Every structure is written in structure tokens, then in C-alpha cells.
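FYI, side chains are in, hydrogens and waters are out, and symmetry mates aren't considered; it's all heavy atoms of this structure. Since this is a predicted model, take the numbers as computed values, not measurements.
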Amino acid sequence: MKLKGIHIEGFRGAPIAVDLDLAGKSLCLLAENGHGKTTFVDALELWSTGDVAHYHREGYGQDCLVHVDASSAVLECEVIGLPPLRRTLSGSSVSELVPTGPLPADQGLPPELPILRHRTLADF
């Protein structure tokens, strides 16, 4: 699966809408601490799976993922060959992954994205 774009709004470190156009290319995020790298990775994990696993290990709930100045979070990704797919988070309630347009007859929803973090890399 290749992503064409990511839209994040009201999620963790993105209180306003943030759009990232990937055009199906690879992405490497390099920045100092506190510049939003983990926000993007957590957003992709929540968009893909409906959960952010490392928050449970640290004792936090999903409601902590909504930015303090937002009432809900919207995560939308464009996947090549599919309409944009959206997931919303309101409090601790996470929606299903919903296409914003009709899905091709021969296509279902994409598989979960593999998210490798420092801790999961050690287990890998």
C-alpha cells in the first residue's frame, strides 16, 4: 500500500489541520524533539489500526490523543487506488475507517500499516 497524502487535525501536536502530500513516495522524518515526528507516526497507527498501542503500555487512554484545544481529532489518508479513508477520535471513542467516496468493487479496506518503534524494533 502506498500513501498519497495524510491529513491530521486536532490530534496530539497538530491542533490545526496539517496536510502532507506524499504522492506515493517514501518519507523520512528528521527533526529535533518536540517538532511532531511522533504525532505523525501515532496518527498513522491510529488511522490504520484504530488504536495506539504504546499509550496502553504507558497507562494512558485514547482520549489523551485529542489535542487539548480540540474537541475531536480527524485522521484522513489517501491510498493509491482508493478514495480517502477517514477515522475520527472523539474522547475515547474511535470511529471505524470510513471511505469518503465509493470503494472500487474489487477492493476492500487496506491492511494495517506496520509501525516499528524503538521498543518494537528490539522485539522484532
Next on the checklist: Would you compute the distance between atom OG of S93 and atom CG of L89 and round it to the nearest 0.5 angstrom?
Outcome noted: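 Answer rounded to 0.5 Å: 7.5 Å.
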Item to check | Straight-line distance of C77 SG to L82 CG, nearest 0.5 Å | outcome: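 Spacing of SG (C77) from CG (L82) equals 11.5 Å.
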Item to check | Identified side chain to side chain contact (heavy atoms under 4.5 Å, CB included) partner of W47 from the options I8, L75, V74 | outcome: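 Option passing the side chain to side chain contact (heavy atoms under 4.5 Å, CB included) with W47: L75.
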Checklist entry - In chain order, what residues pass the side chain to side chain donor-acceptor pair (under 3.5 Å) check against S90, with sequence neighbours excluded? => result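 Once residues adjacent in sequence are excluded, S90 has no partner under the side chain to side chain donor-acceptor pair (under 3.5 Å) criterion.
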Item to check | side chain to side chain donor-acceptor pair (under 3.5 Å) partners of E78, counting only residues at least two apart | outcome: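 Partners of E78 under the side chain to side chain donor-acceptor pair (under 3.5 Å) test: none.
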List the residues meeting side-chain contact (heavy atoms from CB on, under 4.5 Å) with [X], not counting sequence neighbours, and say none if there are none.
{"X": "V52", "result": "D42, E45, L46, H54, Y55, Q62, L65, R117"}
{"X": "L22", "result": "L3, I6, L20, L27"}
{"X": "H67", "result": "P15, D69, A70"}

Next on the checklist: Taking V98 as the starting point, is it possible to reach F11 by hopping between hydrophobic residues whose side chains are less than 4.5 Å apart?
Outcome noted: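 In one cluster: no.
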Checklist entry - Are I80 and L97 connected, step by step, through hydrophobic side chains (Ile, Leu, Val, Met, Phe, Trp, Tyr) whose heavy atoms are closer than 4.5 Å? => result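 No; L97 is not reachable from I80 via cluster members.
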Item to check | Considering all heavy atoms, the nearest V79-P110 contact | outcome: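 Residues V79 and P110, closest heavy atoms: CG2-CG, 4.5 Å.
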Checklist entry - What's the shortest heavy-atom distance between P99 and P83, and which atoms? => result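 Closest approach of P99 to P83: CB-CG, 4.0 Å.
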Checklist entry - Between the side chains of T88 and S72, does any donor sit under 3.5 Å from an acceptor? => result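 Judged by distance alone, the side chains do not pair up.
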Next on the checklist: With a sphere of 6.0 Å drawn around NZ of K2, does it hold more than 12 non-hydrogen atoms of other residues, nucleotides or ligands?
Outcome noted: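 Open.
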Next on the checklist: I'd like to know whether T100 forms a side chain to side chain contact (heavy atoms under 4.5 Å, CB included) with L85, so could you lay out the CA-CA distance, the side-chain angles of the two residues, the decisive distance to 0.1 Å, and finally the verdict.
Outcome noted: CA-CA 6 Å; T100 61; L85 301 165; over 6 Å; no
Item to check | Close side-chain approach of R12 to T38, heavy-atom, < 4.5 Å | outcome: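 Yes, at least one pair of side-chain atoms sits under 4.5 Å.
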Next on the checklist: Enumerate the salt bridge (charged side-chain N to carboxylate O under 4.0 Å, His left out) contacts for residues 85-104, please, sequence neighbours excluded, ordered by first and then second residue.
Outcome noted: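 Those involving residues 85-104 are E76-R86.
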Checklist entry - Is there a donor-acceptor pair closer than 3.5 Å between any side-chain N or O of K37 and the backbone N or O of A31? => result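 Yes; judged by distance alone, with no hydrogens or angles, the pair exists.
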Next on the checklist: side chain to side chain contact (heavy atoms under 4.5 Å, CB included), that's the test. Do L109 and L103 meet it? Break it down for me.
Outcome noted: CA-CA 8 Å; L109 295 176; L103 285 173; 4.2 Å; yes
